[in-house]
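Just so it is clear, the structure is predicted and the values come from calculations on it, not from any experiment. Below, read A as the first sequence line, B as the second, and so on, with proteins coming before strands; counting in each chain starts at 1.
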Amino acid sequence: MKKIEAIIKPFKLEDVKDALTALEITGMTVTEVKGYGRQQGHSELYRGAEYVVDFLPKVKIDIIVNDENVDKAVKAIVDSAKTGKIGDGKIFISSVEKVVRIRTSEEDEEAI
Amino acid sequence: MKKIEAIIKPFKLEDVKDALTALEITGMTVTEVKGYGRQQGHSELYRGAEYVVDFLPKVKIDIIVNDENVDKAVKAIVDSAKTGKIGDGKIFISSVEKVVRIRTSEEDEEAI
Amino acid sequence: MKKIEAIIKPFKLEDVKDALTALEITGMTVTEVKGYGRQQGHSELYRGAEYVVDFLPKVKIDIIVNDENVDKAVKAIVDSAKTGKIGDGKIFISSVEKVVRIRTSEEDEEAI
Amino acid sequence: MQATELQYVIDTFFLIFSAVLIIFMAPGFSMLEAGLVRTKNVTAVLTGNVLLYAVCSFVFLLWGYNLMFGGSGFFLNGVEVTGYSAYAFFFFQMAFVSKTVSIMSGGVSERIKIVPFMSFAILMSGFIYPLVGNWIWAGGFLSDVHDLAGSTVIHSVGGWALLAAILVLGARKGKYTKDGKIRPIPASNIPLVTLGGLLLWIGWFGFNGGSAFNISTKDAADLVGLIILNTNTAGLAGAIVATLIVYFQYKKLDITMILNGALGGLVAITAGADVVGLWEPIVIGAIGGALVVYAVPFFDKFKIDDPVGALSVHLVNGIWGTIAVALFADFSLLAQLKGIVVVGLFTFTISLIIFVVIKKAIGLRSDEEHEYEGLDLEECGVEAYPEFVKSKV
Amino acid sequence: MQATELQYVIDTFFLIFSAVLIIFMAPGFSMLEAGLVRTKNVTAVLTGNVLLYAVCSFVFLLWGYNLMFGGSGFFLNGVEVTGYSAYAFFFFQMAFVSKTVSIMSGGVSERIKIVPFMSFAILMSGFIYPLVGNWIWAGGFLSDVHDLAGSTVIHSVGGWALLAAILVLGARKGKYTKDGKIRPIPASNIPLVTLGGLLLWIGWFGFNGGSAFNISTKDAADLVGLIILNTNTAGLAGAIVATLIVYFQYKKLDITMILNGALGGLVAITAGADVVGLWEPIVIGAIGGALVVYAVPFFDKFKIDDPVGALSVHLVNGIWGTIAVALFADFSLLAQLKGIVVVGLFTFTISLIIFVVIKKAIGLRSDEEHEYEGLDLEECGVEAYPEFVKSKV
Amino acid sequence: MQATELQYVIDTFFLIFSAVLIIFMAPGFSMLEAGLVRTKNVTAVLTGNVLLYAVCSFVFLLWGYNLMFGGSGFFLNGVEVTGYSAYAFFFFQMAFVSKTVSIMSGGVSERIKIVPFMSFAILMSGFIYPLVGNWIWAGGFLSDVHDLAGSTVIHSVGGWALLAAILVLGARKGKYTKDGKIRPIPASNIPLVTLGGLLLWIGWFGFNGGSAFNISTKDAADLVGLIILNTNTAGLAGAIVATLIVYFQYKKLDITMILNGALGGLVAITAGADVVGLWEPIVIGAIGGALVVYAVPFFDKFKIDDPVGALSVHLVNGIWGTIAVALFADFSLLAQLKGIVVVGLFTFTISLIIFVVIKKAIGLRSDEEHEYEGLDLEECGVEAYPEFVKSKV
Ligand SMILES: Nc1ncnc2c1ncn2[C@@H]1O[C@H](COP(=O)(O)OP(=O)(O)O)[C@@H](O)[C@H]1O
Ligand SMILES: Nc1ncnc2c1ncn2[C@@H]1O[C@H](COP(=O)(O)OP(=O)(O)O)[C@@H](O)[C@H]1O
Ligand SMILES: Nc1ncnc2c1ncn2[C@@H]1O[C@H](COP(=O)(O)OP(=O)(O)O)[C@@H](O)[C@H]1O
């Protein structure tokens with residue numbers, strides 16, 4: 001099983017969710033984060049002085065999937081989250097050793 | 001060393017903390033997240049129209065533990081977080097290669 | 001590629017960011033978290049009664065780096081986040097199998 | 001034109017001014033309570049407050065006022081008013097009524113269902129309050145009780161009914177742990193608490209000042225000035241004493257207690273602001289503030305769970321204020337005590353009965369699960385701050 | 001001293017009192033709208049509201065008032081005022097003007113650029129509103145329309161202009177999905193919505209009460225009392241009816257709808273609060289509240305995207321209130337209808353033209369990208385709640 | 001009944017009305033400052049504001065008023081008041097006093113400890129302010145300074161004391177970087193800032209209007225009308241000019257600056273609202289607004305860290321407003337300048353001494369660590385928005 005962490009632009013969350021649901025990947029956990037990267041921060045004003053805000057609002061989606069689903073999930077995320085503009089975000093994939101569903105104590109593939 | 005990520009219902013946080021503390025696992029990091037899964041979202045009203053909120057409030061607990069503590073930690077979480085109702089959450093376990101305590105620069109087992 | 005998760009005191013965020021930027025590590029994702037550990041929670045008042053708040057505000061920084069950058073990144077974080085007082089935080093390192101940049105579909109080292 | 005006509009005009013204007021100040025207590029209570037409860041119950045508390053204002057005022061318009069002031073039929077019929085506009089007098093009286101129930105709404109918050117609570121509110125503003133008001137303020141059998149603006153008629157009545165409600169409702173889940181300890185549940189939004197507290201304070205100038213009913217002679221104007229000044233003084237003293245007590249105990253300045261102390265002082269002076277000099281309100285308010293600080297843990301000890309401290313502010317100080325009139329001015333302690341006891345027994349008993357009946361009939365308390373999730377979703381379907389990702393489309 | 005001099009004094013004081021109450025509607029509208037829009041647009045909405053007050057009042061001071069009341073030149077020149085201070089009369093009238101545009105600012109929120117909107121605000125407060133006001137209130141050709149405090153002059157005018165604005169602007173991105181469904185976009189901050197709604201309600205007492213213009217005789221005082229009482233009653237009825245309709249449909253108590261219902265009732269009674277008895281406002285307000293509940297989905301059906309329900313509250317009930325005068329009091333239905341139609345046609349047409357011209361000339365709507373990110377960053381450079389990590393240095 | 005008795009009544013009522021409006025500035029300052037500071041210091045700022053109101057008003061009641069108006073002993077003893085109720089006059093004066101210190105509380109926020117600050121507040125409201133007030137307003141040696149409602153007596157006094165406080169306190173950690181750059185620390189909650197700004201604006205009508213002290217003749221009523229109108233006009237002009245300056249520089253509409261501009265205009269007109277015509281307040285307010293925009297970076301340049309811009313609003317415009325009286329009306333520039341200089345020297349020097357003494361004696365500034373964590377925890381033990389997980393039990 002793999003963990004896919006996708007950092008995306010917040011307004012793409014709904015689209016990504018729909019794209020994943022279409023693949024019958026219906027479990028995910030979402031976190032509000034701030035990102036720092038190539039995308040330049042915007043400048044804000046405060047009482048007549050300008051300053052730059054480095055950290056931009058992003059959303060992180062964690063999805064645990066079976067190995068065979070990784071590629072299509074990644075493709076779905078890329079397709080649905082892409083705007084083509086800098087700051088679209090990243091996807092990180094790592095290994096998960098075990099999964100447990102709290103309600104039933106089911107494990108691994110059954111628990112996803 | 002393993003990382004245990006447990007996604008639970010928010011009101012169970014205190015119970016889970018107590019269960020882990022009882023095992024002398026006294027380090028953890030908690031994040032507010034939103035979850036999407038089998039548990040149906042609730043419907044809300046807005047100016048006289050109903051709509052469904054898909055993402056439900058959850059809490060994610062990250063715990064890094066020594067390998068020998070994994071099983072009892074997972075058991076403690078399952079026991080304390082279970083309500084038996086859909087949406088109780090999941091536990092994901094993965095490998096951690098190195099741990100550093102910032103204050104002392106201690107590493108690995110000593111740093112947990 | 002490795003994922004470095006650093007849990008630090010919130011007011012050190014700017015310093016850590018600067019230290020990493022100095023290493024030309026210019027991508028990171030930040031999450032607001034609450035930590036529980038050896039550092040004692042503070043007591044708060046509510047309508048004339050005292051109680052202890054266990055969970056303390058922390059910031060989690062996720063950085064994906066190439067293997068050769070791990071050590072210097074960790075060192076930079078330790079140096080810039082240390083106050084020497086309990087509760088300075090931890091760093092966890094784990095393996096990442098794949099990275100994708102959503103905008104370009106570049107992968108792995110190119111995508112970081 | 002006769003001077004009396006101008007007096008009529010001025011007093012009418014003054015009543016309108018006072019009533020408007022009192023109505024600022026509607027946002028006052030709303031913000032105070034919305035700030036004191038947990039985020040998951042904020043919408044429910046706000047909805048309750050707005051509905052209270054609507055429902056109680058409406059009931060009072062239809063028949064409550066009539067009942068209280070011995071009219072006949074409905075609306076303003078048959079209530080005799082002289083010296084100022086009957087409409088203004090009604091408007092002023094109406095501004096009072098929803099306060100009696102607003103007092104309660106914080107105390108029962110985070111677990112009561114709104115519809116049953118509104119049922120009680122109808123009975124409260126349509127019967128209980130008008131009856132008590134009649135006895136003390138409209139020539140009834142407790143007319144010898146001196147209660148300028150309602151330490152007893154408003155605050156104790158609201159307080160006794162709240163006590164009954166809490167006894168029937170029980171404490172919030174998790175407030176008292178299995179091993180009998182108290183778990184403080186902190187306020188979710190301190191700026192709202194502060195805003196609410198200050199708006200209430202301002203509203204009190206209309207509450208007490210307006211209860212002089214006229215300002216149109218030199219003496220009356222002086223009296224109104226004195227009342228408003230004294231009202232403020234008692235609030236100051238309550239705030240300062242609450243500050244000091246908590247500070248000497250914990251070396252912290254606890255804003256929720258400071259504001260509650262101020263409100264305690266304000267409740268305490270409400271019965272007698274017109275019959276004391278300038279220094280008495282300092283003592284009355286100071287004791288009021290101290291009472292709040294000690295009453296809050298007292299009620300908690302008996303597992304009487306009052307999320308906003310309404311019992312300590314309104315019930316305890318409603319009683320204290322009514323007694324203080326006899327201690328600091330030339331009024332019969334016996335009469336004051338009789339008022340306190342009769343009104344207390346009546347209000348508490350009848351409220352208890354009503355709440356038990358409502359509980360049996362349609363249920364009073366939210367399901368455990370809804371309580372965990374917060375009442376906002378179940379009762380209102382509206383979260384107070386629903387956004388997860390701020391910039392989400 | 002003559003009694004008339006005291007009357008002059010009292011009426012001046014009364015106008016000032018009323019004007020100040022009306023100005024509470026500035027924070028009222030600000031908080032209501034800030035609570036109803038998404039966090040990413042909160043600063044823009046607040047900035048719009050504050051600027052509206054500044055710009056419209058200023059324009060009205062420079063020439064709008066003069067135009068409306070047939071003066072000559074600028075400032076207060078040549079406007080004849082008797083019976084109270086000309087300054088107070090101006091101040092009272094000025095308090096009205098920015099409300100006409102405040103009505104709009106919620107409806108166009110989350111997508112309009114502030115500078116073009118302010119351009120419209122100048123024309124509105126400098127020409128459109130003064131003209132309509134002149135026709136109905138200052139002896140113009142619609143003088144036989146009875147409109148106490150502006151169901152038509154204020155609320156419909158604001159509403160018609162808003163309708164024109166929304167038609168030119170279009171809906172917010174994502175409000176209506178490709179397959180034609182409506183996506184509700186919930187309010188971001190319910191305590192602010194409640195605070196705003198209640199402040200507006202309070203402001204209304206000045207709005208309608210002050211429109212009696214004098215209080216200094218017994219009859220006048222009674223009339224003011226009646227107006228304020230009736231105003232409140234219609235608000236109560238609107239709130240209660242909106243509560244009930246939504247409750248019977250969804251078993252939930254929807255606070256945003258309850259407050260909108262109250263405001264609907266208040267708008268509806270604004271034309272005729274002085275010419276009806278005590279029960280009529282119940283009917284007028286109740287219908288007002290119901291109209292709001294049904295008008296909200298109605299406008300959505302036609303993809304007329306009004307984020308705060310301003311059309312339903314102000315336009316629909318502005319019309320209803322103006323008609324109600326003829327139904328419940330002895331006024332010509334024809335005259336009222338003529339007023340509604342003439343003012344509607346004029347305001348809508350001219351607003352539509354102005355908005356189209358502004359759109360061509362300098363653009364009206366924010367870029368799609370800025371709309372996604374929220375207007376706060378692009379328009380104001382200031383986020384409403386910018387902190388990410390609360391305790392960050 | 002004599003007409004003079006009715007005049008007495010009306011003026012008393014008017015003073016009460018004005019005082020109540022002024023007291024709305026307590027929530028006004030509270031919300032403004034709570035919105036402008038970082039979340040971690042919000043409770044401390046609110047606690048400071050509430051305590052200020054309590055402590056300063058109390059000190060003023062005990063002896064400050066007496067000192068200011070040449071009474072004897074304590075309370076209201078020996079202060080002669082004619083023409084309206086002595087209680088109302090006191091109440092009005094009391095409403096002023098805490099404002100002088102409220103002005104400061106934003107400027108010293110995010111690093112001052114509350115208890116030492118309250119010690120200063122006692123001296124300020126018990127001695128410094130009453131002395132200055134006495135010199136200018138109660139027949140003292142600066143009686144020829146024309147200062148209607150306190151551009152100097154209130155705003156400059158607060159401003160000078162604040163300047164002294166900031167010099168002794170130093171800047172917030174992190175405000176100026178090691179390499180001498182300025183790090184803006186943005187406001188945490190813009191709706192609160194806006195609410196606070198607008199409440200202050202409304203309070204100003206009582207501040208300036210009430211300072212006419214009577215309304216009960218035709219001339220007096222006209223004067224009050226003029227004052228209130230002019231007050232508002234200067235606020236409008238200040239807001240508009242601040243808007244334009246920032247807009248032409250950054251193409252953004254900066255709400256915190258717009259509101260500060262409005263407040264700057266309001267401070268500037270406070271000395272002379274009664275002695276100028278209708279267009280002068282436009283100029284006075286416009287210059288006031290511009291001064292704020294340029295003063296903010298000016299103070300920052302000298303590393304005088306004023307988190308809310310209070311020096312720019314109150315000190316700079318307090319001076320400007322006092323000068324403006326001589327420029328736009330027939331008053332001696334010399335007298336005005338003498339007032340400015342004497343009051344400035346006196347207040348600044350004595351405040352500096354007091355703050356230095358307090359610092360040595362009990363400490364003034366929070367520990368570095370507590371400053372990082374926020375003062376809320378150390379000073380109050382209460383977080384402003386403590387909830388982490390919204391739906392946590
Ligand atoms: N090395 C990294 N480690 C962790 N997160 C990263 C890293 N690089 C980028 N990110 C995240 O991805 C987001 C987008 O990256 P950015 O460089 O701005 O643009 P792009 O996605 O177009 O490459 C950042 O805001 C940050 O949240
Ligand atoms: N595949 C997944 N990847 C990541 N998180 C998941 C996944 N499936 C479920 N979750 C998380 O677990 C929570 C509970 O899952 P759900 O399917 O609703 O019920 P249950 O826990 O009873 O299986 C979800 O709200 C989500 O946060
Ligand atoms: N075993 C653990 N798993 C996850 N997070 C941990 C663990 N131990 C500590 N932490 C995180 O690190 C923070 C600091 O740890 P703490 O024990 O308080 O002090 P120190 O960093 O000095 O060891 C905690 O608040 C928590 O967020």
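For the side chain to side chain contact (heavy atoms under 4.5 Å, CB included) with A:Val100, the lone residue among B:Ile77, B:Ile4, B:Val78 that qualifies is B:Val78. For the pairing with B:Ile7, the side chain to side chain contact (heavy atoms under 4.5 Å, CB included) check across A:Ile64, A:Asp62, A:Thr29 returns one residue only, A:Thr29.
Of the two parts of B:Ile86, the backbone and the side chain both hold a non-hydrogen atom closer than 4.5 Å to a non-hydrogen atom of chain A. Only the side chain of A:Thr21 comes within less than 4.5 Å of a heavy atom in chain B; its backbone stays farther off. With a 4.5 angstrom heavy-atom cutoff, B:Asp54 touches chain A only via side-chain atoms. There is no contact between B:Lys75 and chain A, counting heavy-atom distances below 4.5 Å. Contacts of B:Gln39 with chain A are absent, with no heavy-atom separation under 4.5 Å from either backbone or side chain. For A:Ile112, the part lying under 4.5 angstrom from a heavy atom of chain B is the backbone only. B:Val74 touches chain A through its side chain: at least one heavy atom from C-beta onward sits under 4.5 Å away, while N, CA, C and O do not.
To the nearest 0.5 Å, atoms NZ (A:Lys3) and CD (B:Glu5) are separated by 3.0 Å. Here the OG atom belonging to A:Ser105 is positioned 7.5 Å from the CG atom belonging to B:Asp79, to the nearest 0.5 angstrom. How far CD of B:Glu32 is from OG1 of A:Thr31: 10.0 Å, rounded to the nearest 0.5 Å.
Taking the side chain as every heavy atom from C-beta outward, A:Leu20 and B:Tyr36 never approach each other to under 4.5 Å. Under the 4.5 Å side-chain criterion, counting only non-hydrogen atoms from C-beta, B:Asp71 is in contact with A:Lys98.
Here the side chain of B:Lys90 pairs a donor or acceptor atom with the backbone of A:Ala111 at under 3.5 angstrom.
The local environment of CD in A:Glu24 is sparse, with at most 12 non-hydrogen atoms from other residues, nucleotides or ligands closer than 6.0 Å.
Annotation for B:Arg38 and A:Arg101: closest pair NH2-NH2, 3.0 Å, computed over non-hydrogen atoms. For the pair A:Glu97 and B:Ser95, the tightest heavy-atom approach, listed with the atom from each and the gap, is OE2-OG, 3.0 Å.
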